[in-house]
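Right, one structure below, let's go through it.
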Amino acid sequence: MQSVLDGGVDGRSRNFPLGLDGFDFSDLSSDERLQNLLSTFDETLRAADGELYEAYLDYRQNQGADLDDIGISELLVRLAPHVGAFVAELFGVGDARHAVMERTRHDYDALFTYKRAVVDKVGAKFKTQNPSDWDLDKLDSDLELLKRTTSPEASEDRDAECAISVVAARLANLAGHYQKLAKGKPSDVEDADAQVEELREHLRVNAQAARTFADARAMKDPLEFVANLLGYVERWTYAATKDPAFASRVEGWVVFRTLPRMDFSQLVHFDSRTDGGVDSIAASEDERRRRDGFALTDARFGERDVWFEVDHCIYCHDRDRDSCSKGMRHKSGELHVNPLGVTLTGCPLEEKISEAHMLKRDGDNVGALALIMIDNPLCPGTGHRICNDCMKGCIYQKVAPVDIPQVETNVLTDVLHMPFGLEIYLLLTRWNPLNVKRPVALPYNGKKVLVVGMGPAGYTLSHYLLNEGFAVVGIDALKIEPLPAELTGNGGHLPEAVRDFSTIYEDLDKRVMAGFGGVAEYGITVRWDKNFLKVIHLSLARRRNFKVYGGVRFGGTLTIDDAWRLGFDHVAIASGAGKPTVISLKNNLIRGIRKASDFLMALQLTGAAKHSSMANLQVRLPAGVIGGGLTAIDTATELVAYYPVQVEKTLERYETLLADRDEASVRALYSDEEREVLDEFLDLVEQTAWPENIARRIRTRYTLTASARDAAGNNSEEASCVVVMGVVP
Ligand SMILES: Cc1cc2nc3c(=O)[nH]c(=O)nc-3n(C[C@H](O)[C@H](O)[C@H](O)COP(=O)(O)OP(=O)(O)OC[C@H]3O[C@@H](n4cnc5c(N)ncnc54)[C@H](O)[C@@H]3O)c2cc1C
Ligand code: SF4
């Protein structure tokens, strides 16, 4: 088949050589060339590690028939860095990947060595002592001097948490080494004596350090010497757990973080109260996060927090106990059920979570992503704020589980934000040597499938069908905004490679509703980053044998007979179950009452929340939301967020009219009912100092009912600003 990418002047000019000899960007759109790329990977692996190459070929040929789960995991963990390095080389970002890995290994090791060797131990070590008896100012300046003198690079390049960790880890490792030797045990620190000499030299040449650490310098025994220096770090650390001024300096440091015990009766903390004779519960004040408008409400974990989660993981795959992936089972083989009655199935895709965490620990994001994408190629549509069956199934049931969705999403975003990161993700959807079932997408097999519905089910099915060689046409009743042709490549033109993901990233409060993704687009709120849908849309739209059409309703615009007439071999219905539930309540469709899903759709699809939108979606308070499920909670949060936006827009328009005409003639433009609403809004603005007070007044009128609590699950931030009333009086 002639590739759509083969011709065209523009197409050719968008081509460029890749980082591996003989490959250029256009090759990534050719089934045949991807097969060549796999052969080149094989060759590269053979040259790097002949034994691993043989094991890999065996695995690919036998599909793991002669390996158990532990064997497969071990092999994949050994292979993934090779995939990471190869893909990075292909896109010319090998150095960038290497630099991230180097920094991660160094800083990660330092942080968590400090945590385990010092932070976790000082409580017991100094339990009879009171830091207020110490000269804390001197301790602080001595430690500063020690850091500056012995690890100047850490003090300059790293934040305070990392800088102290570097010094602490070095001293703790040396102390551990000499303690082992003293007990006649082997130690793998090879250059300990040289390091000690270097430390002594640093302290000697700095006159102030030489005076301050004179006691340590006088100690000839290396263990006594490093233990003395480590003592400064230990005392400072203990002070940070006891002294309020020191404690405030380490606020937010992951090395001081402890794991909360799981309390299944209070997954979301709440306060009980009585409001107007009605018992209700509300999120605790200190756990509330204020929401302003419709920008992304959850920026996700930063690197340090993700590292904390990865460090919390004990990589259970090497004992075949990775219940996050495979489910938690009794000896009888039955799945565990947690105190909330949830069966602990683990990830429904059996994603290689534990294995990916190992790669993430080494800073190899591309390798980790390749592992994740074996079973979950459309991972932009999962992860944080989407699903957490993995987390519920984590081996930790008594303390907080590993926040796997945060790690998964972070691996993805770290790759997306690398140079050519989006292209790396897109390649891995079609070419992934770790996925031995289908390492390379198959060429077109002559069969055509119509997929009805472009929600998560429809887009996932389309992906798998395309990789099996089918041609796919996706339709959706909703209007789907086409992606720019330069991104998708069409009409014989190559797509333009995206070097910098931020150039196509759109802020949620400004983006135009794209229509792709079903309920993930118009149901899920701004707690989730819908740029991920764009990534998925692009992964399909770049495929030569895929087309998508919005505004086509199956059973209306297009019938099943039309489908057969058009030559489809198969029709797959992925139309969701998203019809609004019409409850059997008298007058339940009168004005003022809306179905929750209908409200969310209207809010999202009309763009009502946007400042520039003229959409006519009016809500008045107080409002009641019946039900305590996820849809109800989303409805409540959006309602509360939308109300001030709506009042503000009304005020702005009113004032614009007033600038042009006198008040009486402006008011005459409104009907009686419209005037009543207008006055209600104006009154609200007048009575309160807009906008903060108005927002607070709205928020405090509402509380979260018990029925909503459990449904809130991990979405504690939604629960915190919400509004769900179980009963409408
Ligand atoms: C408010 C809300 C919040 C949610 N939040 C989460 C969450 O945080 N995490 C999570 O994992 N899940 C969440 N869900 C559930 C999740 O959205 C659904 O499980 C998921 O969208 C189901 O995917 P689907 O592809 O089966 O269906 P849908 O997403 O419903 O997609 C079906 C598509 O088919 C189209 N369609 C329907 N009929 C036709 C027709 N006749 N012709 C053409 N097209 C048609 C629809 O327009 C739609 O685009 C939420 C759901 C709602 C309603
Ligand atoms: S996430 Fe939990 S269950 Fe999974 S490997 Fe890590 S510790 Fe084990």
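Predicted model only: the values in this text are computed from it and were never measured. The figures that follow rest on heavy atoms only: side chains count, while hydrogens, waters and symmetry mates do not. For ligands, and for the atoms within them, numbers begin at 1 and follow the listed sequence.
Considering only non-hydrogen atoms, atom 32 (C) of ligand 1 lies nearest to Ser575 out of Ser575, Gly629, Ser597, Ala477. Of the listed options Leu600, Asp476, Ile573, Asp476 places a heavy atom closest to atom 33 (C) of ligand 1. Between the choices Gly474, Gly453, Gly523, Ala457, the shortest heavy-atom distance to atom 24 (P) of ligand 1 belongs to Ala457.
For the ring-ring contact (aromatic ring centres under 6.0 Å, His included) condition, the pairs that include at least one residue of residues 375-409, sequence neighbours left out, are His312-Tyr396.
Between Thr631 and ligand 1, a contact under 3.5 Å exists for no N or O pair. Considering backbone and side-chain atoms alike, Val452 places every N or O at 3.5 Å or more from each N or O of ligand 1. Considering both main-chain and side-chain atoms, Val519 comes within under 3.5 Å of ligand 1 through a nitrogen or oxygen pair. Considering backbone and side-chain N/O of Ile524, none are found under 3.5 Å from N/O of ligand 1. The distance criterion of under 3.5 Å between nitrogen or oxygen atoms is not met by Asp634 with respect to ligand 1. Between Tyr522 and ligand 1, no N or O atom pair is found at a separation short of 3.5 Å. Residue-to-ligand polar distances place Pro456 within reach of ligand 1: an N/O pair is separated by less than 3.5 Å. When only interatomic distances are considered, the shortest N/O to N/O separation between Ile475 and ligand 1 does not fall below 3.5 Å.
Heavy-atom proximity to Gly518, at under 4.0 Å, picks out these atoms of ligand 1: 29 (O), 31 (O), 48 (C), 49 (O). Applying the 4.0 Å criterion to heavy atoms of Gly576 picks out, from ligand 1, the atoms 26 (O), 27 (O), 30 (O), 32 (C). Those atoms of ligand 1 that come under 4.0 Å of a heavy atom in Val552, given as number and element, are 42 (N), 43 (C). Interface of Ser354 with ligand 2, defined as ligand atoms under 4.0 Å from a residue heavy atom, comprises 5 (S). The contact set between ligand 2 and Cys324, taken as ligand atoms under 4.0 Å from a residue heavy atom, comprises 1 (S), 3 (S), 4 (Fe), 5 (S). Residue Leu478 has at least one heavy-atom neighbour below 4.0 Å for each of these atoms of ligand 1: 47 (O).
Nearest non-hydrogen protein atom to atom 6 (Fe) of ligand 2 is Cys313 SG, 2.4 Å. Scanning the protein heavy atoms around atom 1 (S) of ligand 2, the nearest turns out to be Ile404 CD1, 3.6 Å. Closest to atom 8 (Fe) of ligand 2, if we only count protein heavy atoms, is Cys316 SG, 2.3 Å. Nearest to atom 7 (S) of ligand 2 among the protein's heavy atoms is Ile314 N, 3.5 Å. Scanning the protein heavy atoms around atom 3 (S) of ligand 2, the nearest turns out to be Ile395 N, 3.2 Å.
The closest approach between a heavy atom of Thr557 and any atom of ligand 1 is not below 4.0 Å. Using a non-hydrogen distance threshold of 4.0 Å, Arg527 registers as a contact of ligand 1. Residue Gly555 places every heavy atom at 4.0 Å or more from ligand 1.
At a 4.0 Å heavy-atom cut-off, ligand 1 touches Ile386 through backbone and side chain alike. No part of Thr525 comes within 4.0 Å of ligand 1, judged by heavy-atom distances.
Put simply, the side chain of Leu533 does not reach to within 4.5 Å of the side chain of Met454, judged on heavy atoms.
Note on Lys360 versus Asp414: salt bridge recorded, some NZ/NE/NH1/NH2 to OD/OE distance being below 4.0 Å. The pair Arg438-Glu468 meets the salt-bridge criterion, since a charged nitrogen lies less than 4.0 angstrom from a carboxylate oxygen. Looking at Glu506 and Lys534, a side-chain N of the basic residue comes within less than 4.0 Å of a carboxylate O on the acidic one, giving a salt bridge. A salt bridge between Lys115 and Asp120 is present, with a side-chain N of the basic residue lying under 4.0 Å from a carboxylate O of the acidic one. Between Asp529 and Arg300 there is a salt bridge, since a side-chain N of the basic residue sits under 4.0 Å from a carboxylate O of the acidic one. The pair Asp311-Arg116 meets the salt-bridge criterion, since a charged nitrogen lies less than 4.0 angstrom from a carboxylate oxygen. Arg511 has a carboxylate O that lies under 4.0 Å from a charged side-chain N of Glu521, or vice versa, which qualifies the two as a salt bridge.
The minimum heavy-atom distance linking His357 with Val402 is given by the pair CE1-CG1, 3.9 Å.
In this structure, Arg361 is positioned above the aromatic face of Tyr315, its NZ or CZ under 6.0 Å from the six-membered ring centre and within 45° of the axis. Figure legend: cation-pi geometry between Arg257 and Phe308, with NZ or CZ positioned under 6.0 Å from the six-membered ring centre and within 45° of its axis.
Distance check for Cys394 against atom 4 (Fe) of ligand 2: none of its N/O/S atoms falls below 2.8 Å.
Distance check, rounded to the nearest 0.5 Å: NE2 of His336 to OG of Ser323 gives 8.5 Å.
Atom CZ of Arg329 is surrounded by more than 12 heavy atoms from other residues, nucleotides or ligands within 6.0 Å.
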Inset, instruction - Tell me, with the steps shown, if Trp528 and Ile386 meet side-chain contact (heavy atoms from CB on, under 4.5 Å). - result: CA-CA 8 Å; Trp528 184 62; Ile386 293 292; 3.4 Å; yes

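Aromatic ring orientation, His537 versus Phe516: parallel (interplanar angle below 30°, classes split at 30° and 60°).
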